[in-house]
Amino acid sequence: MANWVPLWLHKLGSPPIFYRFAGIVRPWALTLAILAAAVALYGGLVLAPADYQQGDAYRIIFIHVPSAWMSLFIYGAMAVAAFVGLVWRIKIAEIVAMESAPIGAAFTFITLVTGSLWGKPMWGTWWTWDARLTSELVLLFLYIGVIGLYHSFEDRRQGARAASFLVLIGIVNVPIVHFSVNWWYTLHQGSTVRLVGPSRIDASMLWPLLTMMAATKLYYVASLFARVRAELIASEGGKEWVRAIALGEDARS
Amino acid sequence: MNPTRKRRLIIVTSVVVAAAIAIGLTVFALQQNMNYLFTPSQVQGGQATQYKTFRLGGMVKAGSIQRASDSLKVSFIVVDAAGAMPVEYTGILPDLFRDNQSVIASGRMDGARFIATEVLAKHDETYMPKELKDAMAKAHENRKIDEAAAKDPSP
């Protein structure tokens with residue numbers, strides 16, 4: 001491996017450098033996220049044709065499916081950060097893991113609500129206890145548990161360590177959510193978009209979906225970086241680099 | 001890697017592996033109870049006898065839907081690859097309910113009939129425009145016949 005990669009990663013582990021890096025990336029990620037979401041919504045709600053069997057009601061997939069992907073993706077990212085934080089005690093990794101949880105919880109909540117709104121006209125019920133729906137609900141509870149455990153400690157880093165263990169134990173649920181529709185008979189249908197083999201969706205409907213997926217990923221980056229920056233300032237309060245930033249802000253106003 | 005980190009790495013990894021094994025075994029043990037539904041052939045094979053009420057899943061047999069003229073009573077036949085079961089239901093059906101639709105009915109057995117208290121439609125994972133569907137309808141029909149022929153092995 002090239003030598004600069006670990007060096008660069010090592011540098012990012014330093015709070016002031018990460019703070020600056022996140023400050024540069026965040027506005028770009030947010031702008032691109034809004035643009036991509038606007039394009040995807042126009043493509044999905046206006047350009048894409050109605051579905052042969054669900055009519056216009058299927059258009060909720062442009063919110064529901066990317067949110068569901070993000071609910072799992074963020075959990076994965078949070079678990080990687082928690083693992084790095086637990087083993088190497090890198091402060092940034094702990095903060096990234098802990099600040100990911102509320103964003104992931106929000107996406108999981110959106111997934112459950114939109115799915116419920118969709119379920120009523122299509123299936124005939126708001127909610128049912130099948131494996132996919134139940135495991136996604138467990139995912140929401142895991143996120144809430146992580147947030148709660150983190151904040152129940154006086155010492156932030158101790159809280160992060162305890163919550164990181166919960167994150168890593170809960171990772172078992174992620175493959176269960178993903179494969180639940182294959183492992184058991186469920187009311188929820190199987191996967192439409194597949195990495196292996198052809199997707200079961202027309203190209204005119206697929207591209208807005210993938211654009212929205214990019215938008216949600218970028219939004220996650222923007223939201224996460226804003227949260228991490230705020231948390232860094234709060235936890236590194238007395239340090240020299242924070243004081244320098246505060247003085248700069250004072251001079252500007 | 002220094003010894004402290006190595007020790008932490010081993011502890012964290014073993015906690016995750018232990019949790020995965022524990023949950024994996026639990027899920028495996030619950031496998032029998034976690035099935036959301038039974039298919040007609042499973043019911044006829046006696047797999048649902050221990051349940052007073054359960055869910056029956058399958059496809060609505062084409063042409064089997066009969067609606068009563070003076071009430072909301074509907075009767076139809078739910079089929080899977082190897083079985084068929086008559087179902088009776090009184091109430092409002094979801095929009096997607098029709099011939100060849102996958103449905104899930106909850107209720108109980110009454111002799112050989114299944115009396116449903118709730119009927120849900122299961123939509124599939126395919127999304128396409130209507131025009132495309134019409135154009136592909138014929139090809140689909142042919143494929144269905146091929147699949148049915150392939151799925152019909154004499155044991």
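Residue numbering restarts at 1 for every chain, and letters A, B, ... go by the order of the sequence lines. None of the values given here were measured: they were computed from a predicted structure. No hydrogens, no waters, no symmetry mates; every other heavy atom, side chains included, goes into these values.
No other option in A:Phe83, A:Tyr58, A:Tyr52 has as many heavy-atom pairs under 4.5 Å with chain B as A:Tyr52. Of all the listed residues (A:Ile61, A:Asp202, A:Val87), the one sharing the greatest number of non-hydrogen pairs under 4.5 Å with chain B is A:Val87. The greatest number of non-hydrogen atom pairs below 4.5 Å with chain B, out of A:Ala79, A:Ala50, A:Ala203, A:Ala48, is found for A:Ala50. Contacts with chain B were tallied for A:Trp123, A:Trp129, A:Phe165; A:Trp123 has the most, counting heavy-atom pairs under 4.5 Å.
Side-chain contact between A:His188 and B:Lys122 is absent, with no heavy-atom pair separated by less than 4.5 Å. For the pair B:Arg55 and A:Leu187, the minimum side-chain heavy-atom distance is 4.5 Å or more. Taking 4.5 Å as the limit, every side-chain heavy atom of A:Val193 sits out of range of all side-chain heavy atoms of B:Tyr127.
Of the atoms belonging to A:Thr125, heavy atoms from both backbone and side chain fall under 4.5 Å from chain B. Only the side chain of B:Ile23 comes within contact range of chain A, with heavy atoms under 4.5 Å apart. For B:Thr4, no part lies under 4.5 angstrom from a heavy atom of chain A. For chain A, no part of B:Val103 is nearby; none of its heavy atoms comes within less than 4.5 Å. In this structure, chain B has no heavy atom under 4.5 Å from any part of A:Leu206. For A:Thr134, no part lies near chain B; criterion is any non-hydrogen pair under 4.5 Å. Only the side chain of B:Arg98 comes within less than 4.5 Å of a heavy atom of chain A; its backbone N, CA, C and O stay farther away.
The side-chain contact (heavy atoms from CB on, under 4.5 Å) test with B:Val16 is passed by exactly one of A:Ile169, A:Leu168, A:Val172: A:Leu168.
Here CG of B:Leu37 is found 10.0 Å from OG1 of A:Thr128. Values are rounded to the nearest 0.5 Å. Separating the CG atom in A:Leu86 from the CZ atom in B:Arg8 is a distance of 9.0 Å, to the nearest 0.5 Å.
Heavy atoms of other residues, nucleotides or ligands lying less than 6.0 angstrom from CZ of A:Phe153 number more than 12.
The nearest pair of heavy atoms linking A:Met122 to B:His123 is CB-CD2, 3.9 Å.
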